[in-house]
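All values derive from a computational prediction rather than experimental measurement. Values below: every heavy atom of this structure, side chains too, minus hydrogens, waters and symmetry copies.
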Amino acid sequence: MADFKIVNPYNGELIEEYNFANRQQVDAVLELLVKGREIQRATPAFERSNILLRLAQLLQDRKEDLARLITEETGKTISDSRVEIERAYNTALASAMEARAICGEALDSDAFPPQRDKIGVVLWKPLGTALCITPFNFPINIAVHKIGPAYAAGNTILFKPGPQNRRSAELLVELCYAAGMARSVLQMLIPDIDATSYAVAHPQVQAINFTGGTAAANAIAARAGYKKLLFELGGNDPLIVMPDGDLDAAVNAAINQRFATAGQRCTAAKRLFVHRDVFGAFAEKLVAATQKLKVGDPMDDETFVGPLIHSAAADEVEQRIHAAVAGGARVLFGNRREGNILWPTILADVADDADLVAEETFGPVMPLRSFASVEELVTLVNNSPFGLQAGVFTQNLALAKQLFNRLDVGLLAVNDGPGFRAEHFPFGGVKESGVGREGVRYAIREMSYQKALVI
Ligand SMILES: NC(=O)c1ccc[n+]([C@@H]2O[C@H](COP(=O)([O-])OP(=O)(O)OC[C@H]3O[C@@H](n4cnc5c(N)ncnc54)[C@H](O)[C@@H]3O)[C@@H](O)[C@H]2O)c1
Ligand SMILES: O=CCS(=O)(=O)O
């Protein structure tokens with residue numbers, strides 16, 4: 001019996017079954033990737049840039065094939081999957097541009113006595129081999145956010161995709177080879193948890209570039225020892241609506257950033273904070289717009305909300321909705337399930353300690369929480385172990401700057417939701433949302449070290 005079965009989350013069809021790689025296979029690919037470091041050392045930045053540029057073009061050329069694979073393996077709607085490949089194109093393009101722009105600094109020793117008449121030259125150098133581990137929900141763009149910058153920096157890469165994503169990951173790696181990356185510079189493997197943990201601790205791995213949940217991150221951190229860790233983890237991101245905010249724009253952002261990808265996004269608008277003066281008007285507009293969303297077959301161009309990744313994920317979200325309702329929450333819309341599909345659900349009066357709002361809830365459910373003052377709002381938002389991104393709708397710039405300074409997050413978007421992301425912007429959180437920053441230029445630095453020459 002195979003170790004893993006890839007099953008279509010929408011129709012339950014078996015797509016593929018396979019066995020995980022073992023420790024011996026981890027050893028073999030890492031031995032190859034150590035040799036690949038010489039190829040990287042001999043490849044000038046402009047050549048790495050040209051290869052990444054070719055990858056960007058190949059992603060564009062194979063957009064539909066990649067999108068269909070993503071939808072089949074994750075249940076993400078085909079329109080969301082196409083957007084993901086457009087984003088991956090931008091990520092690869094940004095990696096190509098930044099590969100040419102990696103520059104250090106020159107220092108003069110005479111800044112402090114004694115006089116030495118020395119010049120210091122500080123350059124960025126690759127760490128060696130990066131183990132890049134990716135989650136199920138954005139299997140291509142998140143992978144390109146790791147492979148692109150790690151390659152641009154001159155590293156070799158062991159790519160470990162989510163087990164559900166083997167086919168889309170294999171096509172991505174094929175495109176990387178077609179673009180010019182050597183097989184001794186990029187290798188993909190899907191080991192079992194034991195062999196993945198073995199790879200994490202392996203002496204020939206210098207950096208762990210991980211995106212996923214807290215449990216996995218804790219296991220990796222416990223095994224990694226003295227290695228560079230770049231962790232992009234969970235979020236419980238707030239979308240805030242102030243009395244002077246544009247309600248239509250806020251509704252649009254809430255729907256696109258909570259119900260798209262069936263709510264399975266780290267930066268999804270998982271908690272809605274609406275000032276009490278506009279709570280009723282906002283809720284009415286939100287319900288009216290949500291009623292128009294098409295729910296169902298993710299391969300249908302018109303579908304807005306498809307299934308969750310598997311039945312256990314749907315069970316967890318459904319149970320949290322039911323527990324919140326049992327705790328006094330009101331259902332304004334939704335609370336309906338068919339198979340792995342949960343209807344977009346809007347709740348009010350959810351208890352602040354309900355799992356649905358206290359934990360990261362990875363599904364299409366929106367708890368609305370009213371507030372009366374900025375002090376109350378800041379306390380509510382910061383009362384979370386997560387701190388990824390936030391969004392606020394207001395015309396008051398002074399308030400926006402106050403929230404920027406007081407909210408414990410990695411990014412505050414003004415008149416946009418917490419799901420704002422531009423591939424070249426710094427990306428990452430504080431607290432349990434992660435360590436370090438992605439965003440192409442920032443990830444290149446995370447996958448590098450500074451080396452100084454004194455002359
Ligand atoms: N911050 C971000 O950029 C970002 C983006 C997407 C998803 N996420 C987070 O990821 C989670 C959902 O994705 P998921 O279900 O694929 O996450 P997950 O943590 O279950 O798995 C992520 C990856 O880690 C691997 N993995 C699992 N256990 C491991 C272990 N003990 N050691 C090493 N690797 C291990 C998995 O095989 C997969 O490849 C959510 O918490 C979401 O918030 C964060
Ligand atoms: O899950 C989050 C990934 S992204 O869409 O914010 O890049």
For Phe231, the ring-ring contact (aromatic ring centres under 6.0 Å, His included) test, sequence neighbours excluded, returns Phe210
Inset, instruction - Report yes if the side chains of Asn22 and Asp192 come closer than 4.5 Å at any heavy-atom pair, otherwise no. - result: no
Distance col, row Ile51:CD1 vs Met181:CE, nearest 0.5 angstrom, shows 7.0 Å
Contacts satisfying ring-ring contact (aromatic ring centres under 6.0 Å, His included) that involve residues 52-93 (not counting sequence neighbours) are none
Answer yes or no: is there an ion pair linking Arg167 with Asp65, defined by an N-O contact shorter than 4.0 Å? no
Scanning both residues in full, the closest heavy-atom pair of Ser81 with Ala67 reads CB-O, 3.4 Å
| query | Would Gln319 and Asp355 count as having a side-chain donor-acceptor pair, cut-off 3.5 Å? | reply | no
query = If we only count heavy atoms from C-beta on, is the Asn383 to Asp352 side-chain gap below 4.5 Å?
reply = no
Regarding Arg265 and Asp237, does a basic nitrogen lie under 4.0 Å from an acidic carboxylate oxygen? no
Requested in this report: Dump the intermediate steps for side-chain contact (heavy atoms from CB on, under 4.5 Å) on Phe386 and Leu233, then the final yes or no.
Outcome: CA-CA 9 Å; Phe386 294 108; Leu233 306 181; 5.6 Å; no
Please check: side-chain N/O of Tyr177 versus main-chain N/O of Leu186, any donor-acceptor pairing under 3.5 Å? yes
Got more than 12 heavy atoms from elsewhere within 6.0 Å of CD, Glu31? no
Minimal heavy-atom distance between Ser448 and Lys228, with the atoms involved, is O-NZ, 4.5 Å
ask   = Are the side chains of Leu33 and Gln204 in touch, meaning some heavy atoms are under 4.5 Å apart?
value = no
- Message: Do Arg87 and Phe138 form a cation-pi contact, if we require the NZ or CZ to be under 6.0 Å from the six-membered ring centre and within 45 degrees of the ring's axis?
- Response: yes
In this structure, CG of Asn137 is separated from CD1 of Ile142 (nearest 0.5 Å) by 5.0 Å
**Request:** Answer yes or no: are there more than 12 heavy-atom neighbours, outside Lys125 itself, under 6.0 Å from its atom NZ?
**Result:** no
Under the criterion side-chain contact (heavy atoms from CB on, under 4.5 Å), I'd like the reasoning laid out for Val365 against Arg320: C-alpha separation, chi angles, the key distance, then a yes or no.
CA-CA 10 Å; Val365 53; Arg320 288 187 181 178; over 6 Å; no
**Study point:** Within 6.0 angstrom of Arg337 CZ, more than 12 heavy atoms from elsewhere
**Key:** yes
Query raised in the report: Going by atom types alone, do Glu73 and Asn165 pair a side-chain donor with an acceptor below 3.5 Å?
Result: yes
Task: Arg441, CZ atom: more than 12 neighbouring heavy atoms under 6.0 Å - done: no
Heavy-atom nearest pair, Ala250 first then Leu239, reads O-CD1, 4.4 Å
Problem - Side chains of Tyr10 and Ile341 in contact at under 4.5 Å (non-hydrogen atoms) - result: yes
Applying salt bridge (Lys or Arg N to Asp or Glu O under 4.0 Å) to Glu232 and not counting sequence neighbours gives none
Output, in order, the C-alpha distance, side-chain angles, deciding distance and verdict of side-chain contact (heavy atoms from CB on, under 4.5 Å) for Phe362 and Glu316. CA-CA 9 Å; Phe362 231 47; Glu316 179 178 79; 5.6 Å; no
Report task. Decide yes or no for Val173 and Phe159: does some side-chain heavy atom of the first lie under 4.5 Å from some side-chain heavy atom of the second? Result -> yes
Item checked: Residues, nucleotides or ligands: over 12 heavy atoms within 6.0 Å of Glu47 CD -> yes
*Given the rule in the side-chain hydrogen bond (donor to acceptor under 3.5 Å, both in side chains) test, do Thr91 and Asn141 qualify, once you have shown the distances and angles that lead to the verdict?*
CA-CA 7 Å; Thr91 306; Asn141 190 41; 2.7 Å; yes
_Glu86 and Arg82 ion-paired at < 4.0 Å_ = no
Rounded to the nearest 0.5 Å, the OG1 atom of Thr267 sits from the CG atom of Asn236 at a distance of 12.0 Å
### Message
Counting only heavy atoms not in Met299 (residues, nucleotides, ligands), do more than 12 fall under 6.0 Å from its CE?
### Response
yes
Rounded to the nearest 0.5 Å, the CG atom of Asp297 sits from the OG1 atom of Thr77 at a distance of 10.5 Å
Heavy-atom closest pair (Arg223 atom, Ser197 atom, distance to 0.1 Å) is NE-OG, 2.8 Å
Throw together a table of side-chain donor-acceptor distances under 3.5 angstrom for residues 281-295, partners on residues two or more places apart or in other chains.
from: Lys285; atom 1: NZ; to: Asp248; atom 2: OD1; distance (Å): 2.8
from: Thr290; atom 1: OG1; to: Leu286; atom 2: O; distance (Å): 2.7

Mind running side-chain contact (heavy atoms from CB on, under 4.5 Å) on Leu411 and Phe427 for me, showing each step along the way?
CA-CA 8 Å; Leu411 176 145; Phe427 180 74; over 6 Å; no
Rounding to 0.5 Å, atoms CG (Leu308) and NZ (Lys76) come to a distance of 12.5 Å
Scanning both residues in full, the closest heavy-atom pair of Ala262 with Gly306 reads CB-O, 3.7 Å
Test item: Arg62 and Ile85 side chains (from C-beta on) under 4.5 Å apart, heavy atoms:
no
So the side-chain hydrogen bond (donor to acceptor under 3.5 Å, both in side chains) pairs with at least one residue in residues 424-439 (sequence neighbours excluded) are Lys146-Glu438
Note: Thr74 and Ile309 closest approach over all heavy atoms is CA-CD1, 3.7 Å
Please tell me if the side chains of Thr134 and Pro139 come closer than 4.5 Å, counting only heavy atoms from C-beta onward. no
Quick one, Tyr18 and Pro163 - any side-chain contact, counting heavy atoms below 4.5 Å? yes
Here the side-chain hydrogen bond (donor to acceptor under 3.5 Å, both in side chains) pairs for residues 149-163, sequence neighbours left out, are Thr129-Thr156
In this structure, SG of Cys132 is separated from CG of Leu230 (nearest 0.5 Å) by 9.0 Å
- Counting distance only, does the side-chain N/O of Asp3 pair as donor-acceptor with the main-chain N or O of Phe20 below 3.5 Å? yes
